[in-house]
Protein chains: 2
Amino acid sequence: MTATVRRLRDLMASLPAQELPPLPEELVCSLEVSIAPDARLSIAEVAELTGVSAHALRYYERIGLVEVGRDSAGHRQYDRDALARVVFVTRLRLSDMPIQAITRYVELVRQGPATEPERLALLRSHRAAVLRRLQDLRTALAVIDYKIATYGGACAP
Amino acid sequence: MTATVRRLRDLMASLPAQELPPLPEELVCSLEVSIAPDARLSIAEVAELTGVSAHALRYYERIGLVEVGRDSAGHRQYDRDALARVVFVTRLRLSDMPIQAITRYVELVRQGPATEPERLALLRSHRAAVLRRLQDLRTALAVIDYKIATYGGACAP
DNA sequence: GGTTGCGTTTGAGCGCGCTCAAAGTCCTAC
DNA sequence: GTAGGACTTTGAGCGCGCTCAAACGCAACC
């Protein structure tokens, strides 16, 4: 494991530890900042760093989610931008945003600043979906808690 | 639409409107209570009532999630227990509990009260999974909110 | 007595998001 | 120079949770 990977992985590990109330604010960007602009990572390093399998990383590239350069041997070289993209994608995936929507978003980004309104709309609509999901989960949690609390009670199944 | 279906659907509709803090407590059981013990519903009625497609209802029966009787014509007749089971299953599904785990749970229920500890363990472990999912979603929401708030900022992609 | 409509069964198919297998390339170490 | 290992590509396969198609049954209505 390279020093870069070690450093970044520690950083990654610290990120999800966020407690609910505070917005991560600067931390959202911190990963991209912390890697040198000219650093190049192999697919294995990115996999280890992000927790995304090499298979999945190749898949992401295939479907156009991220563009990755090659070295002289034809091996993938993830630069800072590519890594940031992967991290961003995994974060959206974490919230169950469909790959298709992420692809659309990324496509809009490539088309330049003119598409910002549509990107914003996409994010907002996804945000609403996340809120619905949160609500569903909270309701389900209540049902489960009820079930646990009243175990052996009259309530079916 | 029968009167029973109308009444039950109104009841269903009122259930998910729960705000987060209060536990649904009695409401969890209310659906089962409100249908007459001798009522029998067709698959179409149950589908309309629960929002689960007839296709999915047949699938649930096939994989052993619910047992449903037949009338003289061989058509499914959902009784109170079967309906309660369907509702319970949809609630667990809503929290992304894998069908396999639900099947296991239902199997344990069929085996009698001796399996209550294992059932409880299953629920508790699923509860933990739901909590993790909630945390993930909240983190993702923060990222999305950040992205929306700082749109056009320096943060990639 | 034919048509309409809701139901039945079995088994295949699908969309998603990967995951893996096969066959090959390139670099390094012995 | 050859073995190993990490990588490459292409295309197929998989697990999940349904979803649908085909062929049929029954019952009611015109």
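Naming convention: chains lettered A, B, ... in sequence-line order (proteins, then strands); numbering from 1 in each chain.
In this structure, B:Met97 atom CE and D:dG17 atom P are separated by 11 Å, rounded to whole Å. Atom-to-atom, CD of B:Glu48 to C1' of C:dG7 comes out at 16 Å; the value is rounded to the nearest Å. Computed from coordinates, the B:Arg70 CZ to D:dC26 C1' distance equals 15 Å when rounded to whole Å. Atom CG in B:Asp71 sits about 11 Å away from atom P in D:dC26, given to the nearest Å. The CG atom of A:Leu94 sits 15 Å away from the C1' atom of C:dG17 (whole-angstrom rounding). Atom CD1 in B:Ile43 sits about 9 Å away from atom C1' in C:dT8, given to the nearest Å. Going from atom CD of B:Gln77 over to atom C1' of C:dT8 covers 14 Å, rounded to whole Å. Between B:Tyr59 atom OH and D:dC16 atom C1' the separation is 7 Å, expressed in whole Å.
Remark: B:Ser53 is in phosphate contact with D:dT19, judged by side-chain N or O atoms under 4.0 Å from OP1 or OP2. Neither OP1 nor OP2 of D:dA6 sits under 4.0 Å from any side-chain N or O of A:Arg58. One finds no side-chain N or O of B:Tyr60 lying less than 4.0 angstrom from the OP1 or OP2 phosphate oxygen of D:dG17. Taking only side-chain nitrogens and oxygens, A:Arg93 comes nearer than 4.0 Å to OP1 or OP2 of C:dG17. For C:dC6, neither phosphate oxygen OP1 nor OP2 lies less than 4.0 angstrom from any side-chain nitrogen or oxygen of B:Ser42. Phosphate contact (OP1/OP2 of C:dT8, side-chain N/O of B:Arg76, threshold under 4.0 Å): present.
Taken over five-pair windows at either terminus, the axes of the helix from C:dG1-D:dC30 to C:dC30-D:dG1 are inclined to one another by 20° (rounded to 10 degrees).
Partners of A:Ser53 according to the side chain to side chain donor-acceptor pair (under 3.5 Å) rule, which considers only residues two or more places apart in sequence or in another chain, do not exist here. Contacts of A:Arg40 classified as salt bridge (charged side-chain N to carboxylate O under 4.0 Å, His left out), with partners at least two apart in sequence or in another chain: none. For the side-chain contact (heavy atoms from CB on, under 4.5 Å) test, residues two or more places apart in sequence or in another chain that qualify with B:Asp71 are B:Ala73, B:His75, B:Gln77. Here A:Arg104 pairs with A:Glu107, A:Glu118 under the salt bridge (charged side-chain N to carboxylate O under 4.0 Å, His left out) rule; sequence neighbours left out. Not a single side chain to side chain donor-acceptor pair (under 3.5 Å) links A:Gln111 to another residue, sequence neighbours left out. Take A:Ser95 and apply the side-chain contact (heavy atoms from CB on, under 4.5 Å) test, not counting sequence neighbours, and it matches A:Met97, A:His126, A:Val130, B:Leu137, B:Ala140, B:Ile144. A:Asp136 is linked by a side chain to side chain donor-acceptor pair (under 3.5 Å) to nothing, counting only residues two or more places apart in sequence or in another chain.
B:Glu67 and B:Ala82 get closest at one heavy-atom pair: O-CB, 3.8 Å.
We find the CG-CZ distance between B:Asp81 and B:Arg85 to be 8.0 Å, quoted to the nearest 0.5 Å. Taking CZ of B:Arg138 as the start and CG of B:Asp145 as the end, the distance is 13.5 Å to the nearest 0.5 Å. Between atom CZ of residue B:Arg133 and atom CG of residue A:Leu141 there is a gap of 14.0 Å, rounded to the nearest 0.5 Å. Put simply, CZ on B:Arg127 and CG on B:Leu120 are 11.5 Å apart, with the number rounded to the nearest 0.5 Å. To the nearest 0.5 Å, the span separating CD1 on B:Ile102 from CG on B:Leu92 amounts to 5.0 Å.
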Which letters describe nucleotides 10-15 of chain C, given B = protein heavy atom under 4.0 Å from base, S = only from sugar-phosphate, - = neither?
BB----
Could you run through nucleotides 22-30 of chain C and give me one letter per nucleotide, 5' to 3': B if any protein heavy atom sits under 4.0 Å from the base, S if only the sugar-phosphate is that close, - if neither?
----S----
Which side-chain N or O atoms in residues 54-65 of chain B pair as donor and acceptor under 3.5 Å with protein atoms at least two apart or in another chain?
residue, atom, partner, partner atom, Å
B:Glu61, OE1, B:Arg70, NH2, 3.0
B:Glu61, OE1, B:Arg76, NE, 2.5
B:Glu61, OE2, B:Arg70, NH2, 2.2

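No engagement by B:Ala54 is indicated, since no non-hydrogen atom pair under 4.0 Å with the nucleic acid exists.
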Using a cutoff of under 3.5 Å, can you pull out all pairs of nitrogen or oxygen atoms linking the protein to nucleotides 28-30 of chain D, with atom names and distances?
none

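Under the 3.5 Å distance criterion, the side-chain polar atoms of A:Glu45 are matched with a main-chain donor or acceptor of A:Ser42.
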